[in-house]
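Contents: one structure, followed by commentary.
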Protein chains: 2
Amino acid sequence: MSSDRPGFELPLRLFLGFRVLIDALHDELARQGHPDVRPVHGFALQAIGSEGATAAELGRRLGVSKQAAGKTIDSLERLGYLVRDTDPNDARRKVFRLSERGADSLAKSAAIFDQLRAEWEEALGADRLRALEDDLRRVTPADPLRVDIPGWFGHT
Amino acid sequence: MSSDRPGFELPLRLFLGFRVLIDALHDELARQGHPDVRPVHGFALQAIGSEGATAAELGRRLGVSKQAAGKTIDSLERLGYLVRDTDPNDARRKVFRLSERGADSLAKSAAIFDQLRAEWEEALGADRLRALEDDLRRVTPADPLRVDIPGWFGHT
DNA sequence: CTATATCGACAACCATGTTGTCCATTATAA
DNA sequence: TTATAATGGACAACATGGTTGTCGATATAG
């Protein structure tokens, strides 16, 4: 009893759904004063969070090399979303924390995502959307942040 | 009457779902004799299809520049998934068609995607999965192939 | 016949990954 | 306490996949 639906549409729709939300987020974010932040940056800022992180830590949280995380941190610092700090207990560590601007972008992102979800709720109905989220939870890994974002395309 | 669910989880789950399927596809594809094909390649092969395409055409189908499409075609040709042909009616055009190996990878991909969908059907139930697909169709653009895949991350 | 559009080829550049090496610093074990 | 190991950060070299811009060859429209 196999389905008549081709399997290739499922990944496409999942990706398009992601794309639609992320594009809408960044359009709105740009309108609200953050035109420079890119999806990679958003994930990094989220992963750094209020506690701050070193490049090596961020790399582990994101599932990329510490060098790659370091480059992301560099550009985020250049854009004014992070400020660097030192750890008095460990002279090796260079901790990066969200600047005010960084925290603002994160807060705005959260509000925009909530708004976008509300639009989907409008379109699909609250029950269906909840079911969709529940179903996706069942077929995806638990840890939501360690998404290995930047490496998923290309490469070995 | 807003939902208690945070909006940021939705894009994450959509992406993770995509990731899970694509990773599983390429694991299995590697096992079945295609260890070198990458997600980008899969989309390109799909877009080239049985009719073949030039670099400029592929670029339009995929929503990237003809130069970017040309690079993808180069690597696919190097890997033996495409063969080049000429157009007797237009000396400028260099048409690329699927090699036997290319067609084989596409056929295997389709079978694997069907299998993966069957596994989700097992996990979620046929009704729920159909509902999930229907709902995603309602919130995503119609044209499923022009996915602008490679450009969605980074860049302006 | 001439003007315009398109194709493919290059080059230069950017962003984001990767590995590998190296030194300074910290932690650990003998 | 001291030798060894692990960690953090910097830097270099490289791969991939995107971009724009230019340019000559070929087609097509007027």
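Below, read A as the first sequence line, B as the second, and so on, with proteins coming before strands; counting in each chain starts at 1.
- Protein atom CD1 of A:I73 is 15 Å distant from nucleotide atom P of D:dC11, rounded to whole Å.
- One can place NE2 of A:H41 at 15 Å from P of C:dC14, the figure rounded to the nearest angstrom.
- Between B:E77 atom CD and C:dG8 atom P there is a gap of 13 Å when expressed in whole angstrom units.
- Heavy atoms of A:K94 sit under 4.0 angstrom from primed sugar atoms or phosphate atoms, though from no base atom.
- Following chains of ILVMFWY side-chain contacts shorter than 4.5 Å, one cannot reach A:V95 starting from A:L106, and the two form parts of different hydrophobic clusters.
- Closest-nucleotide positions on DNA chain D for B:N89 and B:R78 were compared, and the one nearer the 5' end corresponds to B:R78.
- In this model, a donor atom of one side chain and an acceptor atom of the other lie less than 3.5 Å apart for A:H34 and A:D104.
- The heavy-atom pair separating A:T72 from A:A44 by the smallest distance is CG2-CB, 3.8 Å.
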Restricting both atoms to N or O, compile the protein contacts to nucleotides 19-23 of chain C shorter than 3.5 Å, with distance only.
residue: C:dG20; atom: O6; partner: A:Q67; partner atom: NE2; Å: 2.3

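- Note on B:E51 versus B:R61: salt bridge recorded, some NZ/NE/NH1/NH2 to OD/OE distance being below 4.0 Å.
- Each of A:D87 and A:K71 was assigned the nucleotide of DNA chain C with the nearest heavy atom; the assignment lying further toward the 5' end belongs to A:K71.
- If you take CG of B:L58 and C1' of C:dG8, they are 14 Å apart, rounded to a whole angstrom.
- Regarding B:D74, its CG atom lies at a distance of 11 Å from the C1' atom of C:dG8, rounded to whole Å.
- Salt bridge status for A:R130 with A:E133: absent, with no side-chain N to carboxylate O gap under 4.0 Å.
- Aromatic ring centres of A:F113 and B:F8 lie farther apart than the 6.0 Å criterion allows.
- B:L76 has its CG atom 13 Å from the C1' atom of D:dG17, to the nearest Å.
- In this structure, a donor-acceptor pair under 3.5 Å is absent between the side chains of B:R93 and B:T54.
- Counting any heavy atom pair closer than 4.0 Å across all strands shown, A:S75 reaches no nucleic acid atom.
- A donor and an acceptor atom sit less than 3.5 Å apart, one in the side chain of A:R92 and one in the base of D:dT7.
- Going from atom CZ of A:R93 over to atom P of D:dA10 covers 13 Å, rounded to whole Å.
- Put simply, B:R84 has no side-chain N or O that comes within less than 4.0 Å of OP1 or OP2 on C:dG8.
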